[in-house]
Amino acid sequence: MPRARVVKVDPLRPDEGVIEEAAGVLRSGGLVAFPTETVYGLGADAFNTEAVYRVFRVKRRPLDNPLIVHVSSLEMLHRVATGVPDWVTRALSVAWPGPLTVVLRRSPSLPAVVSGGLDTVAVRCPAHPVALRLIEALGRPVAAPSANIAGRPSPTRAEHVVEDLGGEVDMILDAGETFFGIESTVVDVLSPRPRVLRPGPLGPEELEKVFGTRVDVPPYARGVESFAERPPSPGLKYRHYAPGRRLVLVERGSCDDSSYLEFLVRVLESRSQETPALLASNETSEEVERRLGEAVVYLKMGSRENPFEIARNLFGSLRSLDRCDRVSIAFSEAIEERGIGLAVMNRLRKASSERVVCA
Ligand code: TXA
Ligand code: MG
């Protein structure tokens, strides 16, 4: 398979020549992987039905799981969505560009395949100079799911895109590591009160400020409920972010910090024959290391004091788990479900094959 052209680009001041070339690829129906502030996206001209079908094909994504449409302005939103309520426009004028995706009524002129056949559409305006300039240069909305093979962790570096899709996209814009490392917050704004479909960098606390109203955070947003069919968001019925290894999430239950640590140590100890891996905060990793030393492989995700750091390293850690040859089982620490921590726990619950609860 021919390799995609990988072109390095400055994340803050992207070279205009490179942006023009990428826009040209999209204009002629090609696929371009590009950085956003959340994760890398796999972009196609949203109005080119053939190109959009190709996105589903190369990602091996089921056709009923809709894509997010990326716009560069509030004006462009009206080319893909209709009947946008005023309170939503007001909120978006505050939150955009940024990691907030809203689900609205799909404009009849937007190809239905983008929305997996639904009459709604998910739209966002990314806060990454490369993504914004690319959409502006094309002058049209860009349909873009995360640039990974369906079910794999989302890519936070161009290398991850190459790993998954290198042979099947036309161009990859490499602007280094993405800022948040976790996908945008998806909010259904078609009901009277905004409802979180997928938690992300904007936590419920920030959303309430943005919308000026209470927002619903249903159990599936935490990742504690799964669906066989007809979920509120099609993505909810598919397993996500799964590493190739057995991953066990160690839930906190009602344990306090010190009994949780004891429990974690005991669980790891019981598996020490298998050299288990531990995905955890730096602080927890260091505590466990003092107790169990080299019996465990440590994948440190960042300081417990900085959940943004943990979020940014999460998908990379899940990918590196796959490269740990001597590891057959991994355990993950549970973090506090506040702010971006809600999104981290949602992704961990979806990535894990099993869960144990501290008792
Ligand atoms: O941060 C992000 O959102 C990244 C970057 C590239 O922008 N994109 C991303 O797209 O994560 P994707 O396709 O991997 O995830 C889109 C999510 C899926 O869970 C999908 O089910 C949901 O949004 N979604 C899309 N359209 C929807 C709709 N009309 N109604 C409900 N959920 C929708
Ligand atoms: Mg995705």
Side-chain angles (χ1 to χ4, degrees), residues 31-44 46 52 55-56 58-72 80-81 96-107 110 112-128 130-132 134-135 141-156 160-161 164-165 173 175 178-191 195-202 218 220-221 223 227 230-242 311 315 340 343 346-347 350-351:
L31 306 188
V32 176
F34 62 95
T36 78
E37 78 279 33
T38 57
V39 300
Y40 276 78
L42 173 61
V52 172
V55 168
F56 283 93
V58 308
K59 243 189 94 84
R60 295 179 224 156
R61 181 173 181 131
L63 279 166
D64 68 351
N65 193 3
L67 311 182
I68 293 176
V69 177
H70 295 65
V71 297
S72 56
V80 297
W96 279 5
L100 173 62
T101 297
V102 284
V103 174
L104 289 157
R105 293 257 154 259
R106 176 170 58 85
S107 155
L110 183 73
V113 57
V114 173
S115 288
L118 299 174
D119 57 7
T120 55
V121 62
V123 192
R124 85 177 193 98
C125 176
H128 194 296
V130 174
L132 271 182
L134 178 62
I135 304 163
V142 172
S146 51
N148 52 288
I149 290 175
R152 298 257 299 146
S154 292
T156 57
H160 301 159
V161 182
D164 279 16
L165 307 170
L173 297 177
T178 58
F179 310 139
F180 288 111
I182 206 156
E183 310 90 335
S184 64
T185 307
V186 180
V187 179
D188 172 11
V189 291
L190 289 170
S191 27
R195 189 170 51 139
V196 177
L197 297 176
R198 178 181 73 182
L202 280 183
Y220 55 77
F227 296 87
R230 289 208 50 80
S233 177
L236 289 166
K237 72 171 183 253
Y238 298 105
R239 185 157 180 231
H240 279 285
Y241 322 111
F315 289 141
I340 199 169
N346 165 286
R347 305 309 190 268
K350 284 169 180 277

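Atoms within each ligand, like the ligands themselves, are counted from 1 in listed order. This is a predicted model, so every value here is computed, not measured. Throughout, residue positions are numbered sequentially from 1 according to the sequence presented.
Residue contacts to the Mg ion (ligand 2): Ser146 brings an N, O or S atom closer than 2.8 Å.
Of all non-hydrogen atoms in Thr120 and Ser115, the two that sit nearest each other are O-OG, 2.6 Å. Residue Val39 comes nearest to Ser146 through the heavy atom pair CG2-CB, 4.0 Å, listed as atom of the first residue, atom of the second, then distance. For the pair Pro153 and Phe315, the tightest heavy-atom approach, listed with the atom from each and the gap, is CB-CD2, 3.8 Å. The heavy-atom pair separating Val113 from Val52 by the smallest distance is CG1-CG1, 3.9 Å.
Within ligand 1, counting atoms from 1 as listed, the ones closer than 4.0 Å to a heavy atom of Glu183 are 1 (O), 2 (C), 11 (O). Ligand 1 places these atoms under 4.0 Å from at least one heavy atom of Gly41: 6 (C). Numbered from 1 in the order shown, with element, the atoms of ligand 1 that lie under 4.0 Å from a heavy atom of Ile68 read 3 (O), 8 (N), 9 (C), 10 (O), 16 (C). Under a 4.0 Å criterion applied to the non-hydrogen atoms of Thr120, ligand 1 contributes the atoms 28 (C), 29 (N), 30 (N). Listed by number with element, the atoms of ligand 1 under 4.0 Å from a non-hydrogen atom of His70 are 5 (C), 6 (C), 7 (O).
In this structure, Arg124 counts as a contact residue of ligand 1, since one of its heavy atoms falls inside 4.0 Å of the ligand. Ligand 1 has at least one atom lying under 4.0 Å from a heavy atom of Arg61.
Only the side chain of Asn65 comes within 4.0 Å of ligand 1, counting heavy atoms alone; its backbone N, CA, C and O stay farther away. Contacts between Thr38 and ligand 1 below 4.0 angstrom, taking non-hydrogen atoms only, involve the side chain exclusively. With a heavy-atom cut-off of 4.0 Å, Arg106 does not touch ligand 1 at all.
Taking 4.0 Å as the cut-off between side-chain N and carboxylate O, Glu183 and Arg124 do not count as a salt-bridged pair.
Distances from atom 9 (C) of ligand 1 to the heavy atoms of Pro234, Ser146, Ala147 put Ser146 nearest.
Inclusion of Tyr40 in the set of residues having an N or O under 3.5 Å from an N or O of ligand 1 is not warranted. At under 3.5 Å, not a single nitrogen or oxygen of Lys59, backbone or side chain, sits near a nitrogen or oxygen of ligand 1. Taking any N or O of Thr36, backbone or side chain, none lies under 3.5 Å from an N or O belonging to ligand 1. When only interatomic distances are considered, the shortest N/O to N/O separation between Ser184 and ligand 1 falls below 3.5 Å.
Side chains of Thr101 and Arg198: a donor-acceptor N/O pair is absent below 3.5 angstrom, by distance only. Thr38 and Ser184 share no side-chain donor-acceptor pair at under 3.5 Å.
Expressed to the nearest 0.5 Å, how far OH of Tyr220 lies from NZ of Lys350 amounts to 10.5 Å. To the nearest 0.5 angstrom, Thr185 atom OG1 is 9.0 Å from Phe180 atom CZ.
Each of Ile149, Asn148, Leu67 was scored for a side chain to side chain contact (heavy atoms under 4.5 Å, CB included) with Lys59, with one residue passing: Asn148.
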